[in-house]
Amino acid sequence: MTVGLSSRSRPVPFGIHSLHMHICAPRSPTLRPNALPYPPHPEAYPGSLLVTDNVRVRFAPSPTGHLHIGGARTAIYNWAFARHHGGSFVLRIDDTDKERSTDENTQAILRAMRWLGLDWDEGPEVGGDRGPYYQTQRSENYAVALETLKANGHAYPCFCTAEQLEAQRETARTVGGFSGYDRTCRHIQSAEAQERIAAGEPHVWRVKVPDDRGDITIEDAIRGTVTWPIDAMDDFILARTDGTPTYMFATVVDDWQMGITHIIRGDDHLSNTPRQITVYEALEAPVPIFAHMSLIFGPDGKRLSKRHGATSVEAYRDEGILSEALLNYLALLGWSIDDKTTLFDRETLIREFDLSRVSKNPGIWDPEKLEWMNGVYIRDMAVDEFVDRMVPMLVNAGLAAPEIAEHSRDWLRALVPLLAERVRRMIPDEIVPKVRFLFVEFPEMDPASVDKVLAKEGAGTALDEAARLLEALADFSAGPIEEALRQVPEATGVKAKLAFQAVRVAVTGTMVSPPLFESLELLGKVGALARIEKARPLAAE
RNA sequence: GGCCCGUUCGUCUAGCGGCCUAGGACACCGCCCUCUCAAGGCGGAGGCACGGGUUCGAACCCCGUACGGGCUACCA
């Protein structure tokens with residue numbers, strides 16, 4: 001059985017308001033069983049995990065803030081699903097909250113999406129033939145859809161005041177059991193309703209949950225069969241007193257008119273699903289396939305929020321996390337390829353992504369693992385990219401002029417391997433302190449290091465011998481340097497550890513540094529010897 | 001309160017009735033490598049929430065309980 005959703009089968013023609021462009025129905029509604037028209041049979045939803053011929057998914061962020069980690073993961077799953085199936089990834093801006101939505105936020109979200117490499121096929125800035133892609137520009141569609149429901153008897157006006165409703169809820173809750181709207185206004189005769197509306201009495205419009213509908217069941221692509229008893233369904237509000245649609249209504253109208261086939265979203269929407277299904281059915285729209293992914297929690301088991309630290313994608317970017325690492329980490333938080341793969345690139349994600357491997361339980365945000373993964377990607381980064389990201393940090397720290405990127409490119413490139421495996425985030429704090437000694441005439445001497453190393457007996461002797469041997473080197477590169485310094489312990493009787501550490505402290509100022517021999521090479525013979533000489537007075541004999 | 005979802009090492013997960021004396025990764029501990037720090041190699045500790053069923057056999061199926069989460073707005 002297929003769903004006839006050509007415009008002629010719709011109960012109320014949409015074309016009456018010359019809104020055709022905005023409300024064209026899905027062109028080829030080849031949805032599988034989940035898309036049966038109302039009224040469905042309880043058994044009418046099997047096998048909905050099947051993928052439709054033409055996958056269309058959407059990510060619909062609300063520009064009331066930046067793109068956060070949880071939203072990004074939802075976007076990634078939608079994007080990967082679309083790419084995997086060769087479908088379309090639609091970006092829609094749910095900006096109906098006019099108070100809190102801002103254009104800056106929208107821009108920030110688009111920027112973060114691009115940074116993560118999540119390109120959209122339809123949406124802001126790229127357009128598409130199911131637009132507009134901002135909810136605030138789609139209000140006529142909701143109005144028309146509401147007219148449809150008024151006409152086919154699936155919506156009714158409600159004149160109850162907020163106070164009445166509050167009181168109702170109060171008593172319902174103390175009694176226990178159902179706490180939704182008591183349907184008082186559902187029984188008002190339509191003639192009376194018309195009069196009251198005509199008289200200007202404030203009212204909202206509610207959906208009329210059918211009495212004869214069985215329990216609502218979906219085959220969630222992630223959670224499997226989920227059923228809600230019909231008598232727990234609320235006649236929720238479709239349109240507010242001011243005529244604007246509620247989220248629950250607007251989102252269904254949009255998803256329907258945009259031909260969305262699979263709704264992949266956070267499971268905070270799972271409980272909203274049956275409500276939305278009543279709208280799809282009232283609209284005689286095909287019901288898409290749902291996939292509810294679990295949320296990301298903080299370490300305390302609560303939904304991730306600002307309290308847990310940085311939650312915005314761009315904050316992680318600014319803290320030196322690479323987009324490849326964040327994408328990989330986020331994709332893996334709640335999804336897996338197999339029993340061992342943890343590192344994968346974008347192409348692999350697309351090739352392997354499958355909703356059936358999305359886990360049902362919530363994942364806890366683990367910054368430690370993200371950092372580890374970021375380190376892996378840093379080590380894997382192209383040398384020139386590393387250089388290009390490092391130079392501005394050096395410039396900002398006052399250690400180098402921008403021109404260094406050109407005239408000392410090879411020298412900088414040589415520095416990268418020494419640094420990359422010691423860096424977990426691409427930020428100045430991680431990089432500048434480790435290389436500072438290379439960019440100053442003489443390093444600042446760390447008192448603790450001087451005390452623990454140079455003050456030891458034999459340090460001075462080792463330094464003298466090291467200086468002598470290095471002085472004699474014709475080829476001042478890491479190999480010969482190592483050969484030379486290896487002779488120091490034998491020649492002086494100073495223990496190898498101390499000898500090397502003495503040189504390290506003399507040259508870098510501290511006990512911890514990048515590899516010694518390579519560092520000396522980067523410093524050059526003159527600079528290295530000058531440092532040893534300058535530090536010599538600090539050393540014990 | 002009602003409805004819904006979830007529960008495998010500290011964390012992310014593999015497992016979809018016998019391949020499991022439960023595998024991998026992060027973190028942790030130890031050893032190795034080693035000029036420090038890293039990186040890397042090797043090894044270790046650590047888990048099926050609990051209780052009943054079903055079955056020859058259960059981490060896997062069913063039912064309870066506990067705990068966590070979501071929804072229950074003229075928010076999204």
Side-chain angles (χ1 to χ4, degrees), chain A residues 60-62 64 94-97 99-101 135 158 160-162 165-166 169 172-180 202-206 220 223 226-229 231-234 236-242 244-248 250-251 266-275 292 294-295 297 299 301-303 329 332-343 356-357 359-366 368-373 375-376 379 418-424 434 449 453 482 485-486 496-505 508 510-517 519:
Chain A
S62 180
T64 53
D94 280 8
D95 55 354
T96 49
D97 188 339
E99 313 274 286
R100 296 185 298 150
S101 296
Q135 278 193 327
C158 170
C160 296
T161 63
L165 296 173
E166 186 50 47
R169 254 195 302 276
R173 245 174 251 222
T174 48
V175 174
F178 184 71
S179 63
H203 60 285
V204 299
W205 287 86
R206 291 181 181 274
D220 191 283
R223 325 195 86 86
V226 184
T227 300
W228 292 266
D231 55 13
M233 295 309 302
D234 196 6
F236 69 92
I237 294 172
L238 300 168
R240 306 184 181 100
T241 307
D242 66 2
T244 59
T246 57
Y247 161 79
M248 206 71 73
T251 199
D267 79 0
D268 47 338
H269 288 290
L270 184 58
S271 298
N272 291 330
T273 305
R275 277 186 273 281
H292 289 95
S294 56
L295 270 17
F297 286 177
K302 306 284 185 208
R303 207 166 150 163
Y329 176 74
L332 201 63
L333 186 61
W335 173 76
S336 61
I337 292 181
D338 53 33
D339 56 341
K340 2 197 89 94
T341 309
T342 54
L343 268 8
S356 72
R357 293 196 69 88
S359 76
K360 299 181 181 68
N361 35 7
I364 290 173
W365 180 248
D366 181 4
E368 291 257 17
K369 189 162 184 174
L370 206 212
E371 272 210 4
W372 162 77
M373 198 174 270
V376 173
R379 275 170 251 137
L418 273 47
L419 208 47
E421 70 184 27
R422 270 155 261 263
V423 167
R424 297 197 125 200
K434 291 185 173 71
S449 298
V453 177
E482 175 167 7
L485 293 185
R486 294 248 176 240
K497 289 253 186 213
L498 177 58
F500 288 124
Q501 282 297 71
V503 176
R504 183 189 310 283
V505 173
T508 71
T510 72
M511 295 184 288
V512 177
S513 81
L516 224 208
F517 314 127
S519 295

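All values derive from a computational prediction rather than experimental measurement. Chain A is the first sequence line, chain B the second, and so forth, proteins listed ahead of strands; every chain is numbered from 1.
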Has the side chain of A/Arg504 got a donor or acceptor atom sitting under 3.5 Å from an opposite partner on the base of B/C35?
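Counting by modelled atom types and ignoring angles, a donor-acceptor contact under 3.5 Å is found here.
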Please tell me which of the listed nucleotides, [options], lies nearest to the side chain of [X]?
X: A/Gln135; options: B/C74, B/A76, B/U36; result: B/A76
X: A/Trp228; options: B/C4, B/G24, B/A76; result: B/C4
X: A/Ile364; options: B/C35, B/U11, B/U8; result: B/U11
X: A/Arg303; options: B/G6, B/C71, B/A76; result: B/C71
X: A/Asp339; options: B/A14, B/A25, B/U36; result: B/A14
X: A/Leu516; options: B/A14, B/G24, B/C35; result: B/C35
X: A/Asp268; options: B/C74, B/G70, B/G6; result: B/G70
X: A/Glu368; options: B/G6, B/A27, B/U13; result: B/A27
X: A/Ser336; options: B/U36, B/A76, B/A14; result: B/A14
X: A/Arg379; options: B/C35, B/A39, B/U11; result: B/A39

_Tell me which nucleotide, if any, is Watson-Crick or G-U wobble paired with B/U34 when both distances must be under 3.5 Å._
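Base-paired to nothing in any strand shown.
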State whether [X] places a side-chain N or O below 4.0 Å from either non-bridging phosphate oxygen (OP1 or OP2) of [N].
X: A/Arg169; N: B/U72; answer: no
X: A/Lys340; N: B/G23; answer: no
X: A/Ser271; N: B/U72; answer: no
X: A/Arg424; N: B/A27; answer: yes

State whether the side chain of A/Thr246 and the backbone N or O of A/Ile237 hold a donor-acceptor pair below 3.5 Å, judged by distance alone.
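It does hold such a pair.
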Side chain A/Tyr329, main chain A/Asp366, donor-acceptor under 3.5 Å: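 Yes.
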message = Taking B/A58 as the reference, what is the distance to B/G70 when you measure between their C1' atoms (whole Å, please)?
response = 30 Å
ask   = Taking the six-membered ring for Trp, does A/His292 stack with B/G70 (centroid gap under 5.5 Å, planes within less than 30°)?
value =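 According to the criterion (under 5.5 Å, under 30°), no, A/His292 does not stack.
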